[in-house]
Each structure stands twice: as structure tokens, then as C-alpha cells.
Amino acid sequence: METSKYFPSVETLDEGYQKTFKNCDELLPTLPQTKGWWFGQLFQYHGFWISGFCIRGSMLNHDHFKPRSTDIVVATSPKCGTTWLRALVFSIINRASFDFSDHPLRKANPQDLVPFFEKIIHKDGSTSFVDGIPSPRLLSTHLPYSLFPTRMTDDTSACRFVYIYRDPKDVFVSKWHFASKLRPKELPPLSLEETFDLFCKGVSHYGPFWDHVLGYWKASVESPKKVLFLKYEDVKKEPLGCVRKVAEFLGVPFTPEEENKEIVEQIVKLCSFESMSNQDVNKLDKRYQQRPVSNSDFFRKGEVGDWVNHLSPQMAEKLDQITEEKLQDTGFNFH
């Protein structure tokens, strides 16, 4: 499904990568597995359901990745605002480098500007590609916080994580729509009810969803200078304040001069759903460059509360109940 540059042949791997690939190949058959929502298998790895490709990405990270103090990791559970957060962080960090009228986000999807870490760690069969990205490196991930090596998560490391979460009812609906688009036509469609049951059981890409959120929330409480924890609904409601908060966290607060020039407002406008979904590059509906996902697949509605149009009151109540049970005695409240 991916291009060959992300699936290098064993012969082209450096020696360390060969060993990691071998360890992963030996591990996967021993793990619990189930069919993915669209294609391939999901494996239960350290408590989370993850594809084999991304498990290997996690293992390559553990074995070979060399973090820098300037690294910024945009982290999400899928369908929680990944594309939006990528765009916002890219715009904040690079605000002095580009004119808003001719900005890279007008010509490229945010995933091309903030690349997917689990994928690019594979590229070229060594760390040469990811090592060659100039600082500050902006990387995106769906990996749970617990799957990152301590050299990235302990307090002696200055690399930072920006995480966003969302109401699980909206997450499920968005995930189901996304899976329905990607699911091969030769497979029977996934019914809303069947997929809902899987989601509730935690069986979804990078699920259980609640465990993913709690991992980053706990990290943000323990290491607030390392992990910024954002709520999708808050960013929708107060985008200007959230952009300022992200800039402050990343050590690049807006200056009075930038405030006078309304740079924050321009970033929010550029990165809005309306703006990004209407860029020609994001209207592409073809699986270009052999990607399994087209740019247009990342833009559906971007709304808060769309779940009411899809879930029955009983479904909503069940998800709310699971959420309450999962968060009991944690000190964290979704609302």
C-alpha cells in the first residue's frame, strides 16, 4: 500500500535495522491479533491495538532514534484533530519564515509538513532520513506516550509533546467514517453497530482510546513543561487563546509587535477547517503517490457534537458510562 521507499528491502537495511526488523517479525506472531477496521491486522502491543508496521516503527524508535532537545512531537489518538494540530504547530514555529498569502499550507497537506513519525523512521532503512531533518524537527505520532523510550520522555530530555484529545463520541463517529472510506470495496462494509462494539471494547487503531488519553494526561500533570494537553472542544471555542498557549509552551511566545500585526488571528484563519479544506491540494480525492489515504479524506466536518446525528441515545449513554468508569479515581474529567 505504501511506496517502496517506506518498505526498504532487507538487503538495504543497515545492520541495526536488520536486527530490529528480525525481532519484530519474530514478535508479531506471538501477539493477540484481530482484523483492522479497514485493512491489515491489528496486534495487541503493550496494551494497545496497533498495526504491525507501526509496532515496527515504535521498535525502530526505541532501538535507533536519537532525539534532539528541539524536537516537537504532535501527538494524538486518531481522529482527534491531528491535521488541525499539525497545521497550527507548523504555522506557530515557522511564522517568521513565510508570508501568509503564499504559505506552505496553501500548497501542501499538513501531513507533508509535519511527517508521521512511525512511517518516516522506516525510510531509507536507517535513521539517515530522520537525522537529516533540520531542527526544530516537527514530528507527528499516534503512539501512546508509554511506547516512547525514556530518553524522549524523562525530564532530562527537552523534546516536547503537544497532545490533543476529543469527546470519545465524536472520535468514534469520525473514526467510523474514516474507516468506511478506506475499507477496500471487496470487503463487506463495517456497520455502525459492529464498529461501535469494537470501539467500546477498546479494539480500534491505537485503542483503547481512554488509555491513550490518560497516558498523555498523566504525563502532562507530572511533566507540564514536557507535555501540553489540549482539548479539541476548547481549541474550537477559544482558538486564539489556545494558539498563544501552544506558542508559550514551545518557547516562542508572540511578541507585542506580532500581536499588533494580528499574527495569531492570521494563523487561526489559515489553519481553520474552512481554509484548509478549500485548498486545492486538500481537495485531491485520489490515492496519489500510492498512499492508501487521499488528502480529502482528512477533511469531513471538523464539528463538535456531530455524534448526535449518528448515535442513538443508548449508544451515547453507553460511551459516557464507559468514559466515567475509565476515568474513575484518576483525577481527570473529560468535561
Are [X] and [Y] close enough that some pair of their side-chain heavy atoms sits under 4.5 Å apart?
X: L85; Y: Y163; result: no
X: I72; Y: C159; result: no
X: T141; Y: V74; result: no
X: M315; Y: E193; result: yes
X: Y45; Y: L28; result: no
X: W217; Y: L327; result: no
X: V162; Y: V73; result: no
X: V252; Y: I92; result: yes

Output yes when a side-chain donor or acceptor of [X] lies under 3.5 Å from a complementary backbone atom of [Y], and no otherwise.
X: T195; Y: S191; value: yes
X: N94; Y: F90; value: yes
X: Y17; Y: S126; value: yes
X: R244; Y: P239; value: no
X: T20; Y: G16; value: yes
X: S223; Y: K226; value: no
X: Q18; Y: L13; value: yes
X: R160; Y: L250; value: yes
X: R183; Y: W37; value: yes
X: S174; Y: V171; value: no

Could you go through the side chain to side chain contact (heavy atoms under 4.5 Å, CB included) check for L113 and L138 one step at a time? CA-CA 8 Å; L113 303 173; L138 304 183; over 6 Å; no
Quick check: [Y] with [X] (ring centres under 6.0 Å apart)?
X: F148; Y: F161; answer: yes
X: F43; Y: F48; answer: no
X: F229; Y: F332; answer: yes

Here's one to test your reading of the geometry: is the NZ or CZ of [X] within 45 degrees of the ring axis of [Y] and under 6.0 Å from its centre?
X: R56; Y: F21; result: yes
X: K181; Y: W38; result: no
X: R95; Y: F100; result: no
X: K79; Y: F178; result: yes

Smallest separation among heavy atoms of [X] and [Y], with atom names:
X: H62; Y: L147; value: NE2-O, 2.9 Å
X: C80; Y: F209; value: SG-CE1, 3.7 Å
X: N61; Y: I121; value: N-CG1, 4.2 Å
X: N333; Y: Y165; value: O-OH, 4.4 Å
X: D211; Y: K326; value: OD1-NZ, 3.8 Å
X: S91; Y: L270; value: OG-CD2, 4.0 Å

Distance check, rounded to the nearest 0.5 Å: [X] atom [atom1] versus [Y] atom [atom2]?
X: H64; Y: D14; atom1: NE2; atom2: CG; answer: 6.5 Å
X: Q266; Y: E258; atom1: CD; atom2: CD; answer: 10.5 Å
X: E118; Y: L143; atom1: CD; atom2: CG; answer: 3.5 Å
X: M59; Y: C54; atom1: CE; atom2: SG; answer: 13.5 Å
X: L139; Y: R86; atom1: CG; atom2: CZ; answer: 10.5 Å
X: L198; Y: W176; atom1: CG; atom2: CH2; answer: 13.5 Å

Quick one, T150 with D154, criterion side chain to side chain donor-acceptor pair (under 3.5 Å). Give me CA distance, side-chain angles, the key distance, then yes/no. CA-CA 5 Å; T150 53; D154 67 23; 4.7 Å; no
Between [Y] and [X], does any NZ, NE, NH1 or NH2 come within less than 4.0 Å of an OD or OE carboxylate oxygen?
X: K22; Y: E26; answer: yes
X: K19; Y: D63; answer: no
X: D155; Y: K225; answer: no
X: D197; Y: K201; answer: yes
X: K169; Y: D320; answer: yes
X: E257; Y: K261; answer: yes

Please name the residue in the list L228, V235, I267 that meets the side chain to side chain contact (heavy atoms under 4.5 Å, CB included) test with V246. L228
Residue pair [X] / [Y], side-chain donor-acceptor N/O under 3.5 Å:
X: T323; Y: W210; answer: yes
X: Q111; Y: S140; answer: no
X: K175; Y: S204; answer: yes
X: H142; Y: H212; answer: no
X: D112; Y: N109; answer: no
X: S101; Y: D99; answer: yes

Report, as yes or no, whether the 6.0 Å neighbourhood of atom [atom1] on [X] holds more than 12 heavy atoms from other residues, nucleotides or ligands.
X: E194; atom1: CD; result: yes
X: E15; atom1: CD; result: no
X: E259; atom1: CD; result: yes

Chi angles and distances behind the side chain to side chain contact (heavy atoms under 4.5 Å, CB included) call for R166, T76: CA-CA 10 Å; R166 191 181 187 186; T76 62; over 6 Å; no
Could you walk me through whether F65 and F117 satisfy the ring pair (Phe, Tyr, Trp, His ring centres under 6.0 Å) test, starting with their C-alpha distance in whole Å, then the side-chain angles of each, then the deciding distance to 0.1 Å, before giving a yes or no? CA-CA 10 Å; F65 181 66; F117 182 65; 4.9 Å; yes
Go through the steps for K237 and E233 under the test side chain to side chain contact (heavy atoms under 4.5 Å, CB included), then give the verdict. CA-CA 6 Å; K237 188 177 180 181; E233 291 80 2; over 6 Å; no
Side chain to side chain contact (heavy atoms under 4.5 Å, CB included) evaluation trace for Q41 with K35: CA-CA 5 Å; Q41 297 291 107; K35 289 182 179 178; 3.5 Å; yes
